Enquirer: 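Handing you a structure now.
On a predicted model such as this, the values are computed, not experimentally measured, just so you know.
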Amino acid sequence: MSQKKLVLALDQGTTSSRAILFDTDGATVAIAQREFTQIFPAPGLVEHDPLEIWESQKATAIEVLQSASVTADKIAAIGITNQRETVVAWNRKTGIPIGNAIVWQDRRTAPFCLELRNTHEDLIRTTTGLECDAYFSASKIRWILSNIEAATEMADDGELLFGTIDSWLVWNLTEGKLHITDDSNASRTMLFNIHSREWDNDLLELFQVPRSALPNVAASSEVYGEVSAIPELSGIPIAGIAGDQQAALFGQQCFSEGDSKNTYGTGCFTLQNTGTNAPKSNHRLLTTIAWRLGDKTTFALEGSVFIGGAVIQWLRDSLGIISSADEVEELALSVSENGGVFFVPAFAGLGTPYWDQDARGTIVGLTRGTGRAHIARAALESIAFQTAELIEAMANDSGKVLSELRVDGGATKNKTLLQFQADLLGIPVSVAHTPETTALGAAYLAGLATGVWESTESLAKHRSESARFEPTMKRKSAEDLLARWREAVGRARG
Ligand code: ADP
């Protein structure tokens, strides 16, 4: 084992930058966090200032070392995990961004992508594993090239660089020595051929993106270089990179084919490890690269629920029937069942497996006896119903029946939700002991590349559960509930 005892994860999220120190048992030693500005120039547009992202990430890295009273020589490696798909463009010579980062949530290129769907949906689907959508990086890069003055000229002069947030951070950490990304992030750009593992010529042509402006694609776990830009971190190897959802899959130790995790946040993200296969989904799940270790690429199926924990925020902020998210559990438990009320929170359409932009929020089964507790219960149950449908779609695509679901995210403190989830799925739901599974995944990737840990097998002893929920409901009852949920979805659809 390496003499250096700690691994530092940089977790660059959509609303905050975090730095977390882990010890060799995968236990959290210290955390620092800074929020940064969300810029909304117009409805549907979301931007971040790349310099503020870098400054906030740098500050948290320095802060976490200080708070744990450790120096750089005690840190074996740095792993990076990041909000995915968000694009930064900057000048190769000066390192100065040519504008704000366009964030994954930004919808400015939605009409363009809708048009492309008519002509290139199949190409995009088979090459990248993605739906042709504005979420992914390609159309954002195209937008920058078409709309930011000087971008094309800089590109022609070979001075323009593009990158997702991982690329931007590594570039800055190494003072411009490295312009790289990893396979998991590259697979979210909609420019990367996930089968041949290279920037795809047809897609580069379609989006008119110069290859010279794109980063080199490295493995998710290898020593890429070392930090030079921050004196307090100088010399630490940068040795792991993965997009946030893939990092969470790794942090949950979903290393075997079929292993799956769900993150219950504002929305929900389910990923299933599909091993060395990149299955084509028949249920409009995304096929994505989970990570690459050496020459071995591991793939995943991914699905998302748009409104997960957000439905609880809606109960609090719009309906006002609770004053904090934590209150929902007690209110939901004040009735013994949902009273026939089903709540489909299709506020922004429906995600996997429906992909119905026109669906809208619907509550069915209201009677004179319905009270706020039933509504709260139905809202909470909707998170589990949506997840159950997603996982069913995944099982149909991959042919793998899950033996357990590993979970993380803010809403997993709700025991009623997780028990109901286990009941609906008919399998145990396992809550990881560490809530920091995303950062832990990045730390694992970096530690594996630097000898802190020998192999993924040696990590197994780290994973402990803070809770486990076994299914207790009869299958017939669960199936009846799911059938009634589907009827409610039918009413919510466009
Ligand atoms: P994100 O990373 O997407 O910002 P988090 O993982 O921090 O989200 O989780 C926040 C979400 O969890 C919110 O949507 C909130 O409504 C939900 N949440 C928080 N506490 C509870 C609870 N006790 N029961 C159900 N949902 C909750």
Enquirer: State whether Tyr135 and Arg107 meet the cation-pi test: NZ (Lys) or CZ (Arg) under 6.0 Å from the six-membered ring centroid, and within 45° of the perpendicular axis.
Expert: yes

Enquirer: Does the side chain of Glu392 come under 3.5 Å of the side chain of Asn396 through a donor N or O and an acceptor N or O?
Expert: no

Enquirer: What verdict does the side-chain contact (heavy atoms from CB on, under 4.5 Å) test give for Leu402 and Leu425, after you've listed the backbone C-alpha separation in whole Å, the side-chain angles of each residue and the deciding distance to 0.1 Å?
Expert: CA-CA 9 Å; Leu402 290 194; Leu425 293 171; 5.8 Å; no

Enquirer: So, do Arg463 and His433 sit near enough that their side-chain heavy atoms are less than 4.5 Å apart?
Expert: no

Enquirer: When you compare the side chains of Ser187 and Thr288, does any donor N or O come within less than 3.5 Å of an acceptor on the partner?
Expert: yes

Enquirer: Less than 4.0 Å between a side-chain N and a carboxylate O, is that true for Glu327 and Arg316?
Expert: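 No, Arg316 and Glu327 are not salt-bridged.
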
Enquirer: List for me each residue that meets side-chain hydrogen bond (donor to acceptor under 3.5 Å, both in side chains) alongside Lys415, sequence neighbours excluded, and say none if there are none.
Expert: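 Counting only residues at least two positions away or on another chain, Lys415 forms no side-chain hydrogen bond (donor to acceptor under 3.5 Å, both in side chains).
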
Enquirer: Report, as yes or no, whether the 6.0 Å neighbourhood of atom CG on Asp317 holds more than 12 heavy atoms from other residues, nucleotides or ligands.
Expert: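 Check passes, neighbour count above 12.
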
Enquirer: Working to the nearest 0.5 angstrom, can you tell me the gap between Leu445 CG and Glu222 CD?
Expert: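 The CD atom of Glu222 is 11.5 Å from CG of Leu445, to the nearest 0.5 Å.
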
Enquirer: Determine whether the aromatic ring centres of residues Tyr444 and Trp291 are separated by less than 6.0 angstrom.
Expert: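 Ring centres of Tyr444 and Trp291 not closer than 6.0 Å.
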
Enquirer: Taking the side chain as every heavy atom from C-beta outward, state whether Leu418 and Val407 have any atom pair closer than 4.5 Å.
Expert: yes

Enquirer: Enter the distance from Thr81:OG1 to Asp244:CG here, rounded to the nearest 0.5 Å.
Expert: 5.0 Å

Enquirer: Are Gln83 and His48 linked by a side-chain donor-acceptor pair shorter than 3.5 Å?
Expert: yes

Enquirer: Is there side-chain contact between Leu390 and Leu285, with at least one heavy-atom pair below 4.5 Å?
Expert: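 Counting from C-beta outward, Leu390 and Leu285 do come under 4.5 Å.
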
Enquirer: Using a strict threshold of under 4.0 Å (side-chain N to carboxylate O), is an ion pair present between Glu63 and Arg34?
Expert: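 Salt bridge flag = yes for Glu63 with Arg34.
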
Enquirer: Decide, yes or no, whether a salt bridge links Glu329 with Lys413 under the criterion of side-chain N to carboxylate O below 4.0 Å.
Expert: no

Enquirer: Just jot down the side-chain hydrogen bond (donor to acceptor under 3.5 Å, both in side chains) partners of Ser455, sequence neighbours excluded, or say none.
Expert: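 So Ser455 forms a side-chain hydrogen bond (donor to acceptor under 3.5 Å, both in side chains) with Glu457.
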
Enquirer: Side-chain donor-acceptor pair under 3.5 Å between Asn82 and Asn185, yes or no?
Expert: yes

Enquirer: Taking only Lys NZ, Arg NE, NH1 and NH2, and the carboxylate oxygens of Asp or Glu, determine whether Glu302 and Arg84 approach each other closer than 4.0 Å.
Expert: yes

Enquirer: Can Arg377 and Glu337 be counted as an ion pair, charged N to O under 4.0 angstrom?
Expert: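 Judged by the 4.0 Å cut-off on N to carboxylate O distance, Arg377 and Glu337 do not form a salt bridge.
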
Enquirer: More than 12 foreign heavy atoms under 6.0 Å from CZ of Arg108: is that the case here?
Expert: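 More than 12 heavy atoms, drawn from other residues, nucleotides or ligands, come within 6.0 Å of this atom.
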
Enquirer: Under a 3.5 Å cutoff, is there a donor and acceptor pairing between the side chains of Glu389 and Trp485?
Expert: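 Yes, because at least one side-chain N or O of Glu389 sits under 3.5 Å from a partner of the opposite role on Trp485.
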
Enquirer: Is any side-chain heavy atom of Glu85 less than 4.5 Å from a side-chain heavy atom of Thr164?
Expert: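 Counting from C-beta outward, Glu85 and Thr164 never come under 4.5 Å.
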
Enquirer: How about His283 and Asp397: does a side-chain donor come under 3.5 Å of a side-chain acceptor?
Expert: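 Short answer, yes.
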
Enquirer: Ring centres under 6.0 Å, that's the criterion: do Phe385 and Phe420 meet it?
Expert: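 Ring centroids of Phe385 and Phe420 are less than 6.0 Å from each other.
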
Enquirer: With a 3.5 Å cut-off and no angle check, do the side chains of Thr189 and Ser137 form a donor-acceptor pair?
Expert: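 Ser137 and Thr189 do not have a side-chain donor-acceptor pair below 3.5 Å.
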
Enquirer: If only side-chain N and O atoms count, and only distance matters, is there a donor-acceptor pair under 3.5 Å linking Asp11 with Thr438?
Expert: no

Enquirer: Are Gln421 and Thr387 packed together at the side-chain level, in the sense that at least one heavy-atom pair is separated by less than 4.5 angstrom?
Expert: yes

Enquirer: Trp314 vs Ile307, test: side-chain contact (heavy atoms from CB on, under 4.5 Å). Steps then yes/no.
Expert: CA-CA 10 Å; Trp314 185 81; Ile307 303 291; over 6 Å; no

Enquirer: Is there a donor in the side chain of Lys261 and an acceptor in the side chain of Gln272, or the other way round, less than 3.5 Å apart?
Expert: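 No, Gln272 and Lys261 have no side-chain donor paired with an acceptor closer than 3.5 Å.
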
Enquirer: Under 3.5 Å, is there a donor-acceptor pair linking the side chains of Asp326 and Ser324?
Expert: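 Absent: no donor and acceptor within the cut-off.
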
Enquirer: Ignoring hydrogens and angles, state whether a donor on the side chain of Glu465 or Ser430 is under 3.5 Å from an acceptor on the partner side chain.
Expert: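 There is such a pair between these side chains.
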
Enquirer: Does a donor on one side chain sit under 3.5 Å from an acceptor on the other, for Asp408 and Thr437?
Expert: yes

Enquirer: At what distance, to the nearest 0.5 angstrom, does CD1 of Ile20 lie from CZ of Phe22?
Expert: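 Those atoms lie 5.0 Å apart.
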
Enquirer: Is there a donor in the side chain of Asn193 and an acceptor in the side chain of Glu198, or the other way round, less than 3.5 Å apart?
Expert: no

Enquirer: Run the salt-bridge test on Asp480 and Lys476 with the 4.0 Å N-O cut-off and return the result as yes or no.
Expert: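 Salt bridge between Asp480 and Lys476, a charged N being under 4.0 Å from a carboxylate O: yes.
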
Enquirer: Could you tell me whether the side chain of Gln253 reaches within less than 4.5 Å of the side chain of Thr456, counting heavy atoms only?
Expert: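 A side-chain contact under 4.5 Å is absent here.
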
Enquirer: Check the side chains of Thr298 and Lys296 for a donor-acceptor pair under 3.5 angstrom, ignoring hydrogens and angles.
Expert: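 Looking only at side-chain atoms, Thr298 and Lys296 do not form any donor-acceptor pair under 3.5 Å.
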
Enquirer: In this structure, are over 12 heavy atoms from other groups packed under 6.0 Å from Glu330 atom CD?
Expert: no

